[in-house]
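In what follows, a structure is listed as structure tokens, so that the remarks can point back to it.
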Amino acid sequence: MPRSDEAQAFFHAVYSAVQEIPPGKVTSYGHIAKLVGTPQRPRQVGVCLKHLPDSTTTPTPRFHHTNVPWQRVINAKGIVSPRSQPSGAHNQAAALEAEGVTVTTGPLGELMVDFGEFGWFPAVLPSEEAQRVGASDEEGEEGSENGD
DNA sequence: AATATGACGTCAC
DNA sequence: CGTGACGCCATAT
């Protein structure tokens, strides 16, 4: 685990941000990346969760697979990242449903989650808010969402 | 030490 | 609106 201090800080920030996600809600890697101040590294967020330590295999990890709701993080397409092991994604979907999140399976087996219903967007930057409002022509605009 | 991958996102075409 | 290319950087070979 030769991670530099900076990298370690990044990991820490990511884990903390993920812990902020309330049960029954989901968000994207990109959003977490933004929250931690590195919007250009959504992939690294995935790396963090991938290397999320297990409370049983590690001595005293500050964050581990049990206290970090890694399951609530999906990709921007609103789909559970297929990653390498299908069972993993399926497991994630199951964990989400266990929290009350409705996961629908697409024709290709993609595990889709409705962001408009379960999406969690905490510290949306003012610039984005402005951009949202700036959109002039919207037709299929559904209501916004807010969990907290 | 160098090269290949990946739990992603955005832009260009 | 689908596909391709690039950026990013910790891990794995």
Side-chain angles (χ1 to χ4, degrees), chain A residues 1-59 61-99 101-116 118-142 145:
Chain A
M1 12 43 77
R3 305 164 209 143
S4 3
D5 299 338
E6 221 171 332
Q8 180 117 47
F10 178 80
F11 273 62
H12 179 114
V14 170
Y15 294 146
S16 297
V18 174
Q19 288 183 321
E20 297 291 305
I21 309 173
K25 292 285 181 176
V26 297
T27 192
S28 65
Y29 297 92
H31 200 91
I32 297 297
K34 271 185 178 179
L35 292 179
V36 302
T38 55
Q40 296 296 99
R41 290 151 208 142
R43 280 207 114 165
Q44 295 314 100
V45 174
V47 173
C48 294
L49 298 180
K50 179 181 179 183
H51 275 265
L52 190 58
D54 192 334
S55 52
T56 59
T57 58
T58 37
R62 175 125 80 160
F63 302 100
H64 50 99
H65 212 288
T66 307
N67 68 5
V68 178
W70 56 275
Q71 49 193 52
R72 297 172 196 154
V73 185
I74 62 181
N75 63 34
K77 291 168 286 208
I79 302 173
V80 178
S81 300
R83 95 200 175 246
S84 314
Q85 194 84 51
S87 12
H90 196 242
N91 175 35
Q92 180 172 358
L96 287 174
E97 292 205 310
E99 295 190 354
V101 177
T102 304
V103 182
T104 52
T105 306
L108 301 177
E110 55 231 14
L111 303 167
M112 309 180 293
V113 177
D114 185 357
F115 267 117
F118 304 101
W120 181 69
F121 302 91
V124 177
L125 303 154
S127 46
E128 297 202 336
E129 280 278 309
Q131 182 184 334
R132 251 184 86 103
V133 182
S136 34
D137 65 299
E138 304 110 79
E139 40 272 348
E141 186 58 72
E142 22 57 50
E145 63 314 290

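Throughout, a chain's letter reflects where its sequence line sits, starting with A, and its residues are numbered from 1.
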I'd like to know if A:Glu99 and A:Arg72 make a salt bridge, using a cut-off of under 4.0 Å between side-chain N and carboxylate O. yes

Please tell me which of A:Gln40 and A:Lys50 maps to the more 5' nucleotide of DNA chain C, matching each residue to the nucleotide holding its nearest heavy atom. A:Gln40

Once you round it to whole Å, what is the distance between P of C:dT3 and NZ of A:Lys77? 11 Å

Which of these nucleotides, B:dA7, B:dG9, C:dG7, is closest to any side-chain atom of A:Asn75? B:dG9

Give A:Ser84 one of three labels, base, sugar-phosphate or nothing, depending on what nucleic acid heavy atoms sit under 4.0 Å from its own. sugar-phosphate

By the 4.0 Å heavy-atom rule, please label A:Phe11 as base, sugar-phosphate, or nothing. sugar-phosphate

Expressed as a whole number of angstroms, how long is the span from A:Leu49:CG to C:dC9:C1'? 15 Å

C:dA10 P sits how many Å from A:Glu6 CD, rounded? 9 Å

If every non-hydrogen atom of A:Cys48 is compared with every non-hydrogen atom of A:Tyr15, which pair is closest and at what distance? O-OH, 2.6 Å

Could you tell me how the ring of A:His12 sits relative to the ring of A:Phe63: parallel (under 30°), tilted (30 to 60°) or perpendicular (over 60°)? perpendicular

Base, sugar-phosphate alone, or nothing: which one does A:Gln44 contact when heavy atoms must sit under 4.0 Å apart? base

Nearest whole angstrom, please: distance from the C1' of C:dC8 to the OH of A:Tyr29. 16 Å

My understanding is that only one of A:Leu96, A:Val103, A:Thr27, A:Thr102 makes a side-chain contact (heavy atoms from CB on, under 4.5 Å) with A:Phe118; could you say which? A:Thr102

Does the A:Gln92 side chain pair with the main chain of A:Gln71, one donor and one acceptor, at a distance under 3.5 Å? yes

Starting at atom CE of A:Met112, determine the distance to atom C1' of B:dA7, rounded to an integer number of angstrom. 19 Å

Under 3.5 Å, is there a donor-acceptor pair between the side chain of A:Asn67 and the main chain of A:Arg62? yes

Report the C-alpha distance between A:Asp54 and A:His64 in whole Å, list the side-chain angles of each, state the deciding distance to 0.1 Å, and finish with yes or no for side chain to side chain contact (heavy atoms under 4.5 Å, CB included). CA-CA 5 Å; A:Asp54 192 334; A:His64 50 99; 5.8 Å; no

Please tell me which of the listed nucleotides, B:dA7, C:dA10, C:dG7, lies nearest to the side chain of A:Pro42? C:dG7

Calculate the interatomic distance between A:Asn91 atom CG and B:dA7 atom P; express it in whole Å. 15 Å

With a non-hydrogen cut-off below 4.0 angstrom, is A:Arg41 in contact with a base, only sugar-phosphate, or nothing? sugar-phosphate

With the threshold set at under 4.0 Å for non-hydrogen atoms, list the residues of residues 66-74 of chain A touching DNA chain C in residue-number order. none

Using the C1' atom as the reference point in each nucleotide, state the distance between B:dA7 and C:dT3 in Å, no decimals. 22 Å

Whole angstrom is fine here: how far is it from CG in A:Leu96 over to P in B:dA7? 17 Å

Rounded to whole Å, how long is the line connecting atom CG of A:Leu52 with atom P of C:dT11? 12 Å

Hey, which of these two, A:Arg43 or A:His51, hits DNA chain C nearer its 5' end, going by closest nucleotide? A:Arg43

